[in-house]
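Below, each value reflects all heavy atoms present in this structure, side chains not excepted, and no hydrogens, waters or symmetry copies. Numbered from 1 within each chain, the chains take letters A, B, ... in sequence-line order.
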Amino acid sequence: MPKDYKDTLNLPQTDFAMKANLAEKEPQLLKFWQDNKIYEELQEKNLREGKGKFILHDGPPYANGHIHIGHALNKILKDIIVKYHSMNGNYSPFIPGWDCHGLPIELQVDKSLGKEKESIDILRKRQLCRDYAEKFINIQREEFIRLGVFGYWDTPYITMSNEYEATIVREFLTFVKKGYVYRGKKPVYWCPSCVTALADAEVEYAEKESPSIFVAFEIIDKDKIPIKDAPVYMVIWTTTPWTLPANLALAVHPEFTYVGLKSSKGIIIIVKEAVKNIKDKIEIEETPIFEIKGAHLEGIRAQHPFIDRVSRVVTADFVETGEGSGIVHIAPGHGMEDYEVGLKKGFEIYAPVDEKGRFTKEVPYFAGQNIFSANKEIISLLNEKGLLLWEGKITHSYPHCWRCKKPIIFRATTQWFISMSHDNLRGRALEEIDKVRWIPSWGRDRIYSMVERRPDWCLSRQRSWGVPITLFLCQNCEHIIVDEELFEKIISLVEKEGSDVWFKINIHDLLTDFSCPKCGSKEFRKEMDILDVWFDSGVSHAAVLDRDPKMSWPADMYLEGSDQHRGWFQSSLIASIGSKEKAPYRIVLTHGFTVDGQGRKMSKSLGNVISPQEIIKINGADIVRLWVSAEDYRDDIKLSKEILSRLTEAYRKIRNTLRYLLGNLYDYDGGDYSSQLLEIDKWAMHRLQKLIRRVKRAYEEFEFHQVFHAVYNFCVTDMSAFYLDILKDRLYTFKRESPERRAAQWVLYKIANSLIKLMAPIISFTAEEAWRHLPFTKEKSVFLSAFPQIEEKYIDEELENRWNKLIEIRDEVNKALEIKRQEKFIGNSLEAKIILYVNKTVKEFLMGYSDFLPTLFIVSQVELKEEEKLEADFKVSVQKAEGEKCQRCWNYSPMVGKLPERDLCPRCYHVIES
RNA sequence: GGGCCUAUAGCUCAGUAGGUUAGAGCGCACCCCUGAUAAGGGUGAGGUGGUUGGUUCGAUUCCAACUAGGCCCA
């Protein structure tokens with residue numbers, strides 16, 4: 001029985017467990033961060049040292065529901081950036097925010113109120129909404145913290161706080177003072193039965209039977225048409241005859257070809273493609289009398305079928321040939337597309353329908369009638385006039401009120417707007433867009449074309465849960481009261497009491513002795529509409545960045561999903577230009593959306609939702625964080641069970657590499673052994689520098705998946721499979737204090753120290769845990785330590801080239817060894833001796849490494865033999881190693897058995913002896 | 001229906017300013033080790049570069065259409 005020499009070896013020792021057990025450990029690390037205020041300390045230190053700032057301004061999630069994986073992705077991306085910049089000495093205060101007002105919360109509260117919602121006092125209802133938002137802020141705050149996201153969680157910005165609401169009112173009134181705000185009409189969903197406006201979310205689509213009619217409009221201007229001697233009609237199709245009294249125009253597609261056809265009523269004009277359809281309904285001769293392009297019809301006047309009014313032909317791209325006649329009846333007050341045509345062509349936004357769905361008195365024949373029941377009479381009137389070409393029924397999907405389930409209508413109502421054209425707001429917004437860096441770069445085009453085309457910003461909502469439009473109007477002439485002193489009073493009231501105050505104040509308390517500057521009236525009314533919530537979040541730059549002098553304006557970065565090109569990025573831009581003339585951000589970074597393994601969106605109905613809470617419970621928050629870093633966020637981001645299990649394996653590899661490094665530092669003395677490095681140590685140092693450079697560049701460019709891949713590959717390829725494997729012999733068998741072993745430890749320390757920091761912004765929990773196991777650290781948290789810097793003196797490209805050659809030869813040796821292993825000729829590679837047949841060039845190169853080659857190949861002996869007639873530069877032959885196996889280092893040597901300690905090789909013998 | 005975006009091995013990512021056999025790591029298969037051990041090492045097999053056209057002497061790389069998917073609108 002050979003003697004056991006295991007105790008004489010320097011085997012790795014560490015308490016840094018192989019099993020991560022993150023679900024248990026992470027909460028403890030969180031507590032450590034919180035108790036010691038690590039993040040606060042880091043920011044204060046950076047602020048003191050004054051190196052620089054990097055302000056990432058948080059976009060507020062909506063305070064409703066638990067966080068989902070998209071929230072996690074967004075906040076972790078932000079956190080990675082904040083941590084990286086903080087570790088580089090930049091002051092990076094992260095002030096999280098929440099969006100609190102708005103319909104979804106109000107609807108939740110309505111639901112819980114049941115019938116009471118009809119009678120409840122507005123202030124009471126607003127209090128319930130406030131409580132609701134508060135509850136979810138607290139829930140989400142804990143969930144974000146659990147992900148390891150650093151920030152000022154105790155002092156977030158909340159859009160329903162008094163201070164924030166005062167900012168909203170101040171910014172809004174600035175727009176008013178500068179003349180951007182006007183009142184105008186716009187069609188909104190309207191329920192005539194509930195007598196209220198409805199939001200998109202309150203609309204349900206259901207099947208409904210409607211009339212389907214073709215109506216003729218007689219053309220007045222015939223100069224553009226080749227027929228002068230007979231009546232000519234434009235034919236429209238509609239399923240809402242009640243909108244005909246509001247008809248102001250007829251739309252044709254500019255590119256389509258229209259034809260004139262003979263019918264029993266005279267000549268009718270429809271789009272060419274519709275002839276086939278219509279010949280079943282209207283008696284016509286199919287051969288056209290003339291053809292005319294839509295564009296040429298523009299401007300022609302036609303007679304309204306039963307009202308003494310002219311309807312003008314306009315062109316519009318949305319006109320289709322599918323159903324109908326290719327000519328669309330336009331009532332700008334009763335449809336979205338109609339409205340836009342109306343705006344563009346300057347028509348009145350005309351809707352002669354009252355809030356209960358009855359025609360107003362200005363409508364001849366039908367004044368006071370319910371619009372739906374009037375349909376029938378309108379049709380008979382058309383028939384009487386000889387202008388009804390066809391009548392039928394259609395069952396189609398039609399919007400209904402979700403409360404009373406009755407059909408709803410589009411009805412133009414008075415709303416508040418910010419004008420995009422006032423003071424060239426749109427043009428200035430577009431100019432600012434070009435001064436911002438958009439990542440990815442196509443973000444610029446996306447938001448640019450949106451801003452270029454967007455209509456005026458409709459600011460008003462007929463709701464309760466929001467910041468009121470704090471304006472007074474003259475009861476007599478509708479004049480909007482703009483008064484600096486009054487505005488200041490309102491702002492300071494809101495600052496003190498919150499925007500609830502608007503619903504409490506008495507008009508005459510604020511407007512004492514005030515008379516309308518326009519008509520002199522002394523009677524005013526309070527506007528009761530509230531502001532669009534996008535205005536709330538749009539002014540966050542003013543509420544957050546201006547609030548604290550330590551911050552700076554504009555923000556260095558906004559970072560949200562790409563849906564925010566239409567949302568927050570745009571509302572923030574417009575809000576900011578209105579008051580500050582500039583974009584509120586320098587860089588805007590967008591990420592994609594989380595999808596499943598097949599690239600489909602996550603949804604309850606597909607059953608492919610994975611929640612962050614679930615991953616945290618099973619794998620730990622660091623796995624969520626690793627996932628965020630591993631994926632290229634610019635595209636859609638996939639998440640599946642398979643991806644998670646791959647990531648868990650990758651995590652284990654990184655963790656184990658770290659563990660091995662730490663394990664071999666258990667007896668390191670902290671000394672500087674840089675002068676004792678072997679060439680392979682210099683190679684390792686060189687590779688480390690390149691890794692640091694690569695990783696830093698990736699962080700700077702916000703390409704975190706490069707960080708992950710670089711670090712992971714370094715761990716797997718450079719470390720585990722090469723350097724660390726080769727180092728084992730030196731670390732284990734050399735004398736503890738030998739310079740060679742100490743040199744290796746010095747390198748391992750450098751690598752461990754750097755790796756932990758390089759990964760800290762990503763796998764923060766693991767990095768912090770590892771930091772505690774790394775000896776000779778003075779900072780109590782890895783985040784208080786400085787990010788690794790490149791040590792240029794260790795960069796040596798020539799050395800790397802030489803080692804690439806050595807590695808190439810090593811690969812060939814491995815192939816030869818593998819063949820012998822499969823043949824069962826050897827097992828462990830130390831059982832082998834390698835004969836390298838080499839040409840002169842290779843021999844000269846390898847002679848310098850002859851002593852090192854066995855170590856490099858992890859074999860017992862290597863012999864070089866020069867041979868001229870080789871096909872390649874070298875050839876590998878594997879033989880059995882000479883001598884016996886040393887029981888201590890497991891290398892084979894002819895000297896084993898010839899020393900006093902009969903089981904040892906000379907090298908081990910010397911170690912044992914001293 | 002419109003605007004923008006994406007499509008490279010089972011997975012996550014590289015790459016080619018158009019030019020010989022498209023790379024990495026993981027996973028997988030097989031083998032070794034048992035002094036990183038619910039670890040470690042080695043070798044190997046995997047890709048019609050979404051599809052179809054076009055430009056070109058030559059396209060994964062440029063263009064177009066289509067398909068699938070995503071975001072935003074309608």
Q | Test side-chain contact (heavy atoms from CB on, under 4.5 Å) applied to A/Arg444 - qualifying residues, sequence neighbours left out | A | A/Ile433, A/Asp434, A/Trp438, A/Tyr448
Q: Using the test side-chain contact (heavy atoms from CB on, under 4.5 Å), find all partners of A/Asn656 that sit at least two apart in sequence or belong to another chain.
A: A/Met18, A/Arg659
Residues that [X] engages under side-chain hydrogen bond (donor to acceptor under 3.5 Å, both in side chains), provided they are two or more places apart:
| X | value |
| --- | --- |
| A/Tyr732 | A/Tyr660 |
| A/Glu631 | none |
| A/Ser603 | A/Ser605 |
| A/Glu642 | A/Arg646 |

If you look at every strand shown and take non-hydrogen atoms under 4.0 Å, does [X] touch a base, only sugar-phosphate, or nothing?
| X | answer |
| --- | --- |
| A/Arg659 | sugar-phosphate |
| A/Gln598 | nothing |
| A/Gly663 | nothing |
| A/Ala630 | sugar-phosphate |
| A/Arg655 | nothing |
| A/Gly599 | sugar-phosphate |

Q: State, to 0.1 Å, how close A/Lys653 and A/Val716 come at their nearest heavy-atom pair, and which atoms those are.
A: CG-CG2, 3.8 Å
Q. Looking at A/Phe535 and A/Trp457, what are the two nearest heavy atoms and their distance?
A. N-CZ2, 3.7 Å
Q | Close approaches to RNA chain B from residues 695-706 of chain A, in residue order (heavy atom, under 4.0 Å) | A | A/His705, A/Gln706
Distance, [atom1] atom - from [M] to [N], rounded to whole angstrom:
| N | M | atom1 | result |
| --- | --- | --- | --- |
| B/A22 | B/U60 | P | 11 Å |
| B/G46 | B/G23 | P | 14 Å |
| B/U61 | B/U16 | C1' | 6 Å |
| B/G41 | B/A36 | C1' | 11 Å |
| B/U56 | B/C63 | C1' | 12 Å |
| B/G19 | B/G3 | C1' | 36 Å |
| B/A9 | B/C72 | P | 28 Å |
| B/A64 | B/A24 | C1' | 33 Å |

(Q) On RNA chain B, does the nearest nucleotide to A/Thr733 precede the nearest nucleotide to A/Asp632 from the 5' side, or the other way round? Give the residue. (A) A/Asp632
**Q.** Given RNA chain B, 5'-ward residue of the pair A/Met336 and A/Tyr660, judged by closest heavy atom
**A.** A/Tyr660
Q: Please check the phosphate of B/G69 (OP1 and OP2 only) for any side-chain N or O of A/Lys601 closer than 4.0 Å.
A: no
(Q) I want to check one thing: is the phosphate of B/A36, taken as OP1 and OP2, less than 4.0 Å away from some side-chain N or O of A/Tyr732? (A) yes
Starting at [atom1] of [X] and ending at [atom2] of [N], how long is that distance when rounded to a whole Å?
| X | N | atom1 | atom2 | result |
| --- | --- | --- | --- | --- |
| A/Glu631 | B/U6 | CD | P | 17 Å |
| A/Leu11 | B/U34 | CG | P | 14 Å |
| A/Arg694 | B/A24 | CZ | C1' | 10 Å |
| A/Ile643 | B/C11 | CD1 | C1' | 7 Å |
| A/Asp596 | B/A68 | CG | C1' | 13 Å |
| A/Lys344 | B/A74 | NZ | P | 14 Å |

Q: Please work out whether the ring planes of A/Phe708 and A/Tyr712 are parallel, tilted or perpendicular, with thresholds of 30° and 60°.
A: parallel
Q: Fit a plane to each ring of A/His705 and A/His709, take the angle between them on a 0 to 90° scale, and name the class: parallel (under 30°), tilted (30 to 60°) or perpendicular (over 60°).
A: perpendicular
Q: Check the surroundings of atom NZ in A/Lys696: do more than 12 heavy atoms from other residues, nucleotides or ligands lie under 6.0 Å from it?
A: yes
Q: Kindly confirm or rule out a cation-pi arrangement of A/Arg655 over A/Phe16, judged by NZ or CZ under 6.0 Å from the six-membered ring centre and within 45° of its axis?
A: yes
Consider the side chain of [X], meaning its heavy atoms from C-beta on, and name the nucleotide among [options] that approaches it most closely.
| X | options | answer |
| --- | --- | --- |
| A/Pro12 | B/G69, B/G35, B/A36 | B/A36 |
| A/Glu642 | B/C32, B/C72, B/G10 | B/G10 |
| A/Trp890 | B/U34, B/U12, B/A24 | B/U34 |

Q: Could you tell me whether B/G46 is syn or anti, where syn means a glycosidic angle within 90 degrees of zero?
A: syn
Q. What salt bridge (charged side-chain N to carboxylate O under 4.0 Å, His left out) pairs are there with at least one residue in residues 701-718 of chain A, not counting sequence neighbours?
A. A/Arg437-A/Glu701, A/Arg634-A/Glu703, A/Arg687-A/Asp718
Nucleotide N/O of nucleotides 40-43 of chain B paired with protein N/O under 3.5 Å:
residue: B/G40; atom: OP1; partner: A/Lys653; partner atom: NZ; Å: 3.0
residue: B/G40; atom: O3'; partner: A/Ser720; partner atom: OG; Å: 3.1
residue: B/G40; atom: O2'; partner: A/Lys728; partner atom: NZ; Å: 3.1
residue: B/G41; atom: OP1; partner: A/Ser720; partner atom: O; Å: 3.3
residue: B/G41; atom: OP1; partner: A/Ser720; partner atom: OG; Å: 2.6
residue: B/G41; atom: OP1; partner: A/Ala721; partner atom: N; Å: 3.2
residue: B/G41; atom: OP2; partner: A/Lys653; partner atom: NZ; Å: 3.3
residue: B/G42; atom: O2'; partner: A/Glu818; partner atom: OE1; Å: 3.3
residue: B/G42; atom: O2'; partner: A/Arg821; partner atom: NH2; Å: 3.3
residue: B/G42; atom: N2; partner: A/Glu818; partner atom: OE2; Å: 2.8
residue: B/G42; atom: N3; partner: A/Glu818; partner atom: OE1; Å: 3.4

Q: Flag the pair A/Tyr189 / A/Phe410 as yes when their ring centroid distance falls below 6.0 Å, and as no otherwise.
A: yes
Q. Is the gap between the ring centers of A/Tyr723 and A/Trp803 under 6.0 Å?
A. no
Using a cut-off of under 3.5 Å, enumerate the N/O to N/O pairs linking the protein to nucleotides 1-5 of chain B.
residue: B/G3; atom: N2; partner: A/Arg446; partner atom: NH1; Å: 2.8
residue: B/C4; atom: O2; partner: A/Arg446; partner atom: NH1; Å: 3.4

Q | Centroid distance under 5.5 Å and plane angle under 30°, A/Phe593 vs B/G70 | A | no
(Q) For RNA chain B, please output the secondary structure as dot-bracket, reading 5' to 3'. Pairs are Watson-Crick or G-U wobble, both atom distances under 3.5 Å; mark crossing pairs with [ ], other-strand partners with |, unpaired with a dot. (A) (((((((..((((.....[...)))).(((((.......))))).....(((((..]....)))))))))))).
Q) Looking at A/Arg652 and A/Glu649, does any basic side-chain N land under 4.0 Å from a carboxylate oxygen? A) no
**Q.** Residues which pass salt bridge (Lys or Arg N to Asp or Glu O under 4.0 Å) with A/Glu560, listed by chain and number, not counting sequence neighbours
**A.** A/Lys78
